[in-house]
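The block underneath contains the structure these notes are about, expressed in structure tokens.
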Amino acid sequence: MKIEICGLNQIYPNGNHALKDINLELGTGMFGLLGPNGAGKSSLMRIIVTLMKPTSGVVLVDGLDIQKHREKLRGILGYLPQDFRFFTALKTWEFLDYSGSLAGMKNRKERIAEVDRLLDQVGLLEVRDRKANKLSGGMKRRLGIAQALIGNPRIIVVDEPTTGLDPDERIRFRNILSQLSRNDVIIILSTHIVGDISSTCHGMALLNKGDLVFNGSPENLVKQAEGHVFRMNLSPHEYDIVKEKYNVISTVPVENGWEVQIVSDETPEFRATAVIPNIEDAYVYYMEHKLQAYIID
Ligand code: ADP
């Protein structure tokens, strides 16, 4: 199974050019779509789930144009929108049962069994009889993923699922997603939180102001930053110079000054040592530095 995105543009009526000629191909497994707020992630997700028609370009699922095969696509699609809300005071299991009916599960017995299996999978079985709108924020989000999964979709789209969650819930949510990552489903996870792009993402894309600026594996992104992340111990005076001149990623107080990490294309002065970048460092390098250099070129 694959999704091909070809020459996609989204221009809103007020002139906002939210997606600029996006070309992207996604295979099975988990795909991370990363970018700051306003990058165009939600616009792309809404087009993929056929809630919005692009200004130009096409999205193909296994060669079929999704705009021309909406019904077929909706039958294999699970979607957790960014602003997922409950409109009713249904119990948790009833809400999921209702979602199952909407997803086309007609056999009641099979549906109820699937509801309990999914509630167990997302850790909500104990609260199955609680009113859905009385769940905590993290639980609501987990119920959101359960409703996206019911009916056994083959394309699962989750838009910014960890925004506003505390770190424990974020990890829990990430684990649920990575357990879903099988080779017969495509999972698209959009996020502005770099830490959500885990090693389970086989591929990722970086969007910035509507442009696709990186497409590859998380390891590739990290590789781009190798040799460009440095650590140094600085006196307060040196720190003032460095922060003017370089992109500072982190600052930790130490005896007599600061331990500072920066990204830079050249090896800086001040007794700097190169460190192995992680994905957060690589993201900063890419967004703040490489793209700046690219724009200046
Ligand atoms: P993200 O999900 O990465 O935050 P969005 O796709 O929501 O990005 O937004 C991309 C750009 O399109 C932003 O500049 C945003 O303000 C604009 N935008 C989004 N929705 C609309 C809309 N309905 N009308 C006009 N502009 C919009």
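Keep in mind that the numbers below use all heavy atoms, side chains included, and drop hydrogens, waters and symmetry copies. One-based numbering, in listed order, for ligands and for the atoms of each.
- Close approach of ligand 1 to Pro36 (heavy-atom distance below 4.0 Å) involves ligand atoms 3 (O).
- Contact analysis leaves Gly35 out of contact with ligand 1, as no non-hydrogen atom separation drops below 4.0 angstrom.
- Only side-chain heavy atoms of Arg46 come within less than 4.0 Å of ligand 1; its backbone N, CA, C and O stay farther off.
- For ligand 1, the polar-atom distance check finds an N/O of Lys41 within less than 3.5 Å of one of the ligand's N/O atoms.
- In terms of protein heavy atoms, atom 19 (C) of ligand 1 is closest to Tyr12 CE1, 3.5 Å.
- Side chains of Asn278 and Tyr283: no donor on one and acceptor on the other come within 3.5 Å.
- Listed by number with element, the atoms of ligand 1 under 4.0 Å from a non-hydrogen atom of Ala39 are 1 (P), 3 (O), 8 (O).
- Residue Val49 is not grouped with residue Ile187 when hydrophobic side chains (ILVMFWY) are merged at heavy-atom distances under 4.5 angstrom, including chains of intermediate members.
- Which parts of ligand 1 touch Ser42 is read off a 4.0 Å heavy-atom cut-off, strictly below it: atoms 1 (P), 2 (O), 6 (O), 7 (O).
- Looking at Lys243, Arg271, Met232, Glu269 one by one, the single match for side chain to side chain contact (heavy atoms under 4.5 Å, CB included) with Glu238 turns out to be Arg271.
- Not a single donor-acceptor pair under 3.5 Å links the side chain of Glu169 to the backbone N or O of Asp166.
- Judged purely by atom type and a 3.5 angstrom limit, His237 has no side-chain atom pairing as donor or acceptor with the backbone of Tyr239.
- Clustering ILVMFWY residues whenever any of their side-chain heavy atoms sit less than 4.5 angstrom apart, transitively, puts Leu33 in the very cluster that holds Leu77.
- At distances below 3.5 Å, at least one donor-acceptor pair connects side-chain atoms of Asp62 with backbone N or O atoms of Lys2.
- Ligand 1 places these atoms under 4.0 Å from at least one heavy atom of Ala18: 10 (C), 11 (C), 12 (O).
- Closest heavy-atom approach to atom 4 (O) of ligand 1 among the candidates Ser43, Pro13, Gly38: Gly38.
- Between the choices Asn16, Asp159, Leu34, Asn37, the shortest heavy-atom distance to atom 16 (O) of ligand 1 belongs to Asn16.
- Counting only N and O atoms by type, the side chains of Gln10 and Ser43 include no donor and acceptor under 3.5 Å apart.
- The nearest protein atom to atom 8 (O) of ligand 1, hydrogens excluded, is given as Gly40 N, 3.0 Å; this is a heavy-atom distance.
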